[in-house]
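Since we're looking at a predicted model, the values are computed, not measured. Lettering of chains follows the sequences in order, A, B, ..., and the numbering in each one begins at 1.
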Amino acid sequence: MLRFTDSLTGDKVDFEPRDPGKASVYWCGPTVYDVPHLGHARSTLAFDVLVRYLRWTGLDVTAVSNITDIDDKIINRAADEGSTEPDVAQRFEATFVEQMDRLNVAHPDLRPRATEYVDRMVEVISDLVERGMAYTTDSGVYFDVDRLDEYGALVGRSVEDLREGAGARVDVDEDKTDPLDFALWKAAKPGEPTWDSPWGPGRPGWHIECVAMSLHLLGDGFDIHGGGDDLVFPHHENERAEALGCGRAFARHWVHNGMVQVDGEKMSKSLGNFTTLAGLLDAWDPRALRLLVLQTHYRRTMEIGSTTLDQAAAALARLDKFADRMAEADLPDAAADDAVLDRFRAAMDDDLGTPQALAVVFDAVRDANRALDAEDDDTAAALAAAALDATTALGLELGAAASPDADAGDDPEATEIDGLVDRRLAARAAKDFAEADRIRDELTARGIVLEDGPSGTTWRRG
RNA sequence: GCACCGGUGCCCGAGCGGACCAAGGGAACGGCCUGCAAAGCCGUAAAGCCGCGGGUUCAAAUCCCGCCCGGUGCUCCA
């Protein structure tokens with residue numbers, strides 16, 4: 001039985017789906033006003049693994065993640081570059097999807113856009129107004145926090161507490177009767193995209209979209225709502241307020257992932273293009289980032305840097321070699337080792353303990369290698385099957401074929417290097433090791449690493 | 001300022017009151033392999049006690065209190 005930490009209570013709770021055998025999951029996607037950063041990657045990876053694992057255990061999962069395609073930042077961006085909001089949104093949504101694809105993130109079943117949900121948002125806001133949970137001013141419609149006893153439950157703070165800190169970082173809109181109240185509908189401002197509403201032209205507030213989408217697509221009382229830690233307040237607190245304010249059951253469980261820290265200075269020094277996810281993905285195998293993310297528990301703050309990425313890449317290389325070795329060993333068909341799978345499942349069931357789950361995988365890898373060394377093919381096959389099944393559940397494809405280097409295409413330099421490698425092979429065959437080593441040294445100086453194997457010599461850029 | 005989360009070996013990072021343990025990964029070292037390497041495989045050692053100081057307990061890295069340091073939040077940031 002899967003258990004995970006519910007942000008609402010802070011306790012580990014058993015996951016009991018609303019509908020037996022199924023799971024409904026919603027997590028907040030990006031606001032598409034710029035290229036994705038490392039935080040997007042971590043968060044998206046966290047929920048990708050959650051969804052994959054739920055499916056692996058046999059649940060029928062419906063996964064929904066939104067795209068916020070209208071918001072202040074998008075408007076500002078469009079103004080800055082002299083384009084339009086839809087243009088900005090479409091461009092960066094495409095970039096987001098493309099980069100998540102590189103990370104082998106499974107597409108959510110549904111990826112609704114805010115601009116497609118304005119009508120439903122208006123319905124929810126109308127409901128709130130009718131129930132007296134919201135009020136109207138010249139600048140828009142606001143949720144009245146005082147009307148909801150439970151407000152603050154998700155952050156674990158009282159309304160008085162919150163009120164004290166309100167405005168500490170951002171100026172408070174003077175139209176609101178309470179600094180904690182938040183916008184459901186923003187009245188039109190000149191030059192901004194607008195939609196019609198019972199309160200005049202304008203655009204929706206931020207939180208309302210997730211409520212309208214999740215309740216519409218997944219139904220009241222859906223199972224899991226997730227997002228980054230930084231969204232707990234105010235975003236998720238306010239979403240919850242909106243749904244409860246309508247008298248509707250909202251998410252049964254809340255799951256939040258921790259933040260990413262980057263040693264920016266060190267990073268830019270070693271690799272100038274590292275500040276964006278794209279830069280990272282160009283410099284490292286995307287699977288190394290996934291592995292690195294999995295090696296840290298999803299709730300913890302984690303450090304991503306060139307050192308930790310290199311370390312993850314080295315571990316990944318070992319897993320690739322393992323997968324290749326087992327594939328080439330011509331092992332008998334074997335069912336995955338149950339003991340390994342049980343340990344894997346136990347680790348994952350305990351709040352998605354991917355670090356321990358990977359420890360299980362690495363243990364199995366070592367044991368399988370040892371079994372193969374001892375020519376115990378049956379044991380090796382069972383262990384390898386379990387290890388590979390587990391990594392698949394985590395979204396990690398293994399083996400040289402899975403590496404982005406596998407299809408590097410034609411490289412003008414490659415032909416020349418191949419020629420040098422051939423000459424070295426000839427020299428070795430003639431026992432002219434001095435010449436062979438000279439060629440190798442020359443290639444080494446150029447950053448080329450040679451690997452002599454039973455089936456010939458391969459090279460790679462080190 | 002207030003709130004929440006965290007501070008574990010050379011590095012990343014598990015552990016959340018006890019005897020299967022201070023996991024696992026990277027690096028290091030040794031062996032096998034190799035003409036020699038590289039890669040790979042196997043093995044070894046490494047935290048004298050898990051930020052600091054108190055306390056609770058038969059028993060604490062794990063609970064409580066104080067302090068120091070880092071992160072996040074306090075209206076639109078995953």
Colleague: Roughly, in whole Å, what's the span from OH in Tyr298(A) to P in U72(B)?
Modeller: 20 Å
Colleague: Check whether the ring centres of Phe4(A) and Phe15(A) lie less than 6.0 Å apart, and answer yes or no.
Modeller: yes
Colleague: Tell me: CZ of Arg325(A) to C1' of G40(B), nearest whole Å?
Modeller: 8 Å
Colleague: State whether the number of non-hydrogen atoms from other residues, nucleotides or ligands found under 6.0 Å of Asp330(A) atom CG is greater than 12.
Modeller: no
Colleague: For a quick test of reading the model: is some side-chain N or O of Asn369(A) closer than 4.0 Å to OP1 or OP2 of C42(B)?
Modeller: yes
Colleague: Any donor-acceptor pair under 3.5 Å linking the side-chain atoms of Tyr135(A) with those of Thr177(A)?
Modeller: yes
Colleague: Measure from CE on Met100(A) to P on A78(B) and round the result to the nearest Å.
Modeller: 11 Å
Colleague: All N/O contacts under 3.5 Å from nucleotides 33-35 of chain B to the protein, with atom names and distances to one decimal?
Modeller:
{"from": "G35(B)", "atom 1": "O6", "to": "Arg428(A)", "atom 2": "NE", "distance (Å)": "3.3"}
{"from": "G35(B)", "atom 1": "N1", "to": "Asp437(A)", "atom 2": "OD1", "distance (Å)": "3.0"}
{"from": "G35(B)", "atom 1": "N2", "to": "Asp437(A)", "atom 2": "OD2", "distance (Å)": "2.7"}

Colleague: Is there a donor in the side chain of Trp206(A) and an acceptor in the side chain of Asp72(A), or the other way round, less than 3.5 Å apart?
Modeller: no
Colleague: Applying a 4.0 Å non-hydrogen cut-off, can you work out what Val260(A) is touching in the nucleic acid: base, sugar-phosphate, or nothing?
Modeller: base
Colleague: Going by atom types only, do Tyr151(A) and Asn238(A) share a side-chain donor-acceptor pair under 3.5 Å?
Modeller: yes
Colleague: Arg3(A) and salt bridge (charged side-chain N to carboxylate O under 4.0 Å, His left out): which single residue from Asp14(A), Asp11(A), Asp351(A), Asp349(A) fits?
Modeller: Asp14(A)
Colleague: Send over the distance from Gln261(A) CD to C5(B) C1', rounded to a whole Å.
Modeller: 11 Å
Colleague: Leu231(A) has an atom CG; how far is it from atom P of C4(B), in whole Å?
Modeller: 20 Å
Colleague: Side chain of Lys321(A): nearest nucleotide among A39(B), C12(B), G73(B)?
Modeller: A39(B)
Colleague: Rounded to whole angstrom, note down the C1' distance from C11(B) over to C67(B).
Modeller: 28 Å
Colleague: Just the rounded figure in Å: distance from C1' of C76(B) to CG of Asp34(A).
Modeller: 16 Å
Colleague: Mind calculating the distance between CD (Glu303(A)) and C1' (G13(B)) to the nearest angstrom?
Modeller: 12 Å
Colleague: State whether Lys12(A) and Asp350(A) are salt-bridged, where the test is any N-O pair (Lys NZ or Arg NE/NH1/NH2 against Asp/Glu carboxylate O) under 4.0 Å.
Modeller: yes
Colleague: Closest to the Arg157(A) side chain: A14(B), A78(B), A3(B)?
Modeller: A3(B)
Colleague: Taking Arg111(A) for its side chain and Val64(A) for its backbone only, find out whether a donor-acceptor pair lies under 3.5 Å.
Modeller: no
Colleague: What does Lys12(A) touch in the nucleic acid at a heavy-atom separation under 4.0 angstrom: a base, only the sugar-phosphate, or nothing?
Modeller: nothing
Colleague: Taking the P atom of each, how far is C33(B) from U8(B), in whole Å?
Modeller: 41 Å
Colleague: Closest nucleotide of RNA chain B for Asp181(A) versus for Val155(A): which of these residues is on the 5' side?
Modeller: Val155(A)
Colleague: Taking A61(B) as the reference, what is the distance to A47(B) when you measure between their P atoms (whole Å, please)?
Modeller: 16 Å
Colleague: On RNA chain B, nearest-nucleotide positions of Gly228(A) versus Asp373(A): which is more 5'?
Modeller: Asp373(A)
Colleague: Return the value, rounded to whole Å, for the distance between atom CG of Asp320(A) and atom P of C41(B).
Modeller: 11 Å
Colleague: What's the gap between C41(B) and C58(B) when it is taken at their C1' atoms, as a whole Å value?
Modeller: 47 Å
Colleague: For A60(B) versus G54(B), give the span between their P atoms, rounded off to a whole number of Å.
Modeller: 15 Å
Colleague: Check this for me: does any side-chain nitrogen of one of Arg345(A) and Asp342(A) sit under 4.0 Å from a carboxylate oxygen of the other?
Modeller: yes
Colleague: Would you say Arg300(A) places a side-chain N or O within less than 4.0 Å of OP1 or OP2 belonging to G7(B)?
Modeller: yes
Colleague: In dot-bracket notation, what is the pairing pattern of RNA chain B, taking Watson-Crick (N1-N3 plus N6-O4 or O6-N4) and G-U wobble (N1-O2 and O6-N3) contacts under 3.5 Å, with [ ] crossing and | for other strands?
Modeller: ((((((((.[[[..)..(.....]]].(((((.......)))))......[[[[[..)....]]]]])))))))....
Colleague: Applying side chain to side chain donor-acceptor pair (under 3.5 Å) to His235(A) and Asp230(A), what does each step give before you reach the verdict?
Modeller: CA-CA 9 Å; His235(A) 186 49; Asp230(A) 53 347; over 6 Å; no
Colleague: Report yes or no: do His236(A) and His256(A) form a side-chain donor-acceptor pair below 3.5 Å?
Modeller: yes
Colleague: For nucleotides G13(B) and G26(B), find the distance between their P atoms and express it as a whole number of Å.
Modeller: 15 Å
Colleague: Side-chain donor-acceptor pair under 3.5 Å between Asn66(A) and Trp27(A), yes or no?
Modeller: no
Colleague: Write down the distance separating the C1' atoms in G6(B) and A14(B), rounded off to the nearest Å.
Modeller: 14 Å
Colleague: For Gly156(A), report the nucleic acid contact type (base, sugar-phosphate, nothing); a contact means any heavy atom under 4.0 Å.
Modeller: nothing
Colleague: Work out how far the C1' atom of A78(B) is from that of G73(B), and round it to whole angstrom.
Modeller: 14 Å
Colleague: Measure all distances between protein nitrogen or oxygen atoms and nitrogen or oxygen atoms of nucleotides 22-28 of chain B, and list the pairs falling under 3.5 Å.
Modeller:
{"from": "G25(B)", "atom 1": "OP1", "to": "Arg318(A)", "atom 2": "NH1", "distance (Å)": "3.4"}
{"from": "G25(B)", "atom 1": "N2", "to": "Gln311(A)", "atom 2": "OE1", "distance (Å)": "2.9"}
{"from": "G26(B)", "atom 1": "OP1", "to": "Arg318(A)", "atom 2": "NH1", "distance (Å)": "3.3"}
{"from": "G26(B)", "atom 1": "OP2", "to": "Arg318(A)", "atom 2": "NH1", "distance (Å)": "3.2"}

Colleague: Charged N to carboxylate O below 4.0 Å: is that the case for Asp452(A) and Arg428(A)?
Modeller: yes
Colleague: Can any side-chain N or O of Arg42(A) pair as donor or acceptor with the backbone N or O of Gly258(A) at less than 3.5 Å?
Modeller: yes
Colleague: Need one value for His256(A): base, sugar-phosphate or nothing, where a base atom within 4.0 Å counts as base even if backbone is also close, heavy atoms only.
Modeller: nothing
